[in-house]
Amino acid sequence: HLKVADRNNVGLLTLTQISAEFQTNGTETDGVNPVAGEGNIMGFRVGGLGFLVDPGIYCEVIERSQVNPLPNMKRWFSGLLNLRGNIVPVIDLAVLLGGSSAENKKRHLFAIDQGERTMALWIDSLPEIQQVRLQSPDQLSPLSPLLDPYISSAFVDKAKIWLNVRFPEFFKALGSQGWQNVDGEPA
């Protein structure tokens, strides 16, 4: 369930329409086969990592929206966004995972989930449909103590790592740890 929306909800594209643009070799894009762990799944890149989104989770690319920063927040918390009346937290996953923000680069806002559960991430390029063969994340080196517990599977393609993250659980954990800067922590 992916939609690409502009500020006025003009020109919404569904996952089916986007999938048609990315289809190759006549393969279908109906999600990952849960038994075999292979199939097509939507993914996006942040820094050197790829992230996969389960087909059952609603998500959308948001164009031309203003993110309103808040003072005294952790560096990875970019601020809040008004998405059709819902106040949505925006996080910079690159900064959260120890990298640097690519503010000078054209990035996109990617909202995951709906209603009050929605979170938005800065992503480096538009989402793509990936042909995957998922494997256990046990074969990966630890990436981040914040993220590792929420990686359900992984996929390596041409030396690029793709992680299947349980985003709703990950977002809930981020919210419970707090957004505000604590004295002594780097901003």
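The structure presented is a predicted model; accordingly, all values stated were derived computationally and were not measured.
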Would you compute the distance between atom [atom1] of [X] and atom [atom2] of [Y] and round it to the nearest 0.5 angstrom?
X      : Y      : atom1 : atom2 : result
Ile91  : Phe170 : CD1   : CZ    : 5.5 Å
Gln114 : Arg84  : CD    : CZ    : 8.5 Å
Asp148 : Ile151 : CG    : CD1   : 4.5 Å
Ile62  : His108 : CD1   : NE2   : 12.0 Å
Cys59  : Phe110 : SG    : CZ    : 3.5 Å
Leu146 : Leu97  : CG    : CG    : 7.5 Å

With a 4.5 Å limit on heavy-atom distance, are the side chains of [X] and [Y] in contact?
X      : Y      : result
Asn82  : Asn86  : no
Phe171 : Asp113 : no
Pro55  : Ile41  : yes
Val165 : Ser152 : no
Trp122 : Leu109 : yes
Leu80  : Val88  : no
Val95  : Phe77  : no
Glu128 : Arg45  : no

**Study point:** Trace of the side-chain contact (heavy atoms from CB on, under 4.5 Å) decision for Val156 with Trp162
**Key:** CA-CA 6 Å; Val156 179; Trp162 291 89; over 6 Å; no
Practice item. Using side-chain contact (heavy atoms from CB on, under 4.5 Å) as the criterion, point out the one residue from Ile123, Val61, Leu52 that pairs with Phe44. Key: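 Only one option passes, and that is Ile123.
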Point to revise | Partner of Arg107 by side-chain contact (heavy atoms from CB on, under 4.5 Å), out of Val46, Asp92, Leu121 | key: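 Exactly one pass, corresponding to Asp92.
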Point to revise | N-O pairing of Lys106 and Asp124 below 4.0 Å | key: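 Answer for the salt bridge query: no.
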Practice item. Measure up the Phe51 and Phe167 rings against each other and bin them: parallel (under 30°), tilted (30 to 60°), perpendicular (over 60°). Key: tilted
Exercise for review: Check the pair Met119, Val90 against side-chain contact (heavy atoms from CB on, under 4.5 Å), reporting the backbone distance first and the verdict last.
Suggested key: CA-CA 6 Å; Met119 294 279 287; Val90 178; over 6 Å; no
**Study point:** Over all atoms of both residues, closest heavy-atom pair of Leu163 and Ala154
**Key:**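 So the minimum-distance heavy-atom pair works out to CD2-CB, 4.2 Å.
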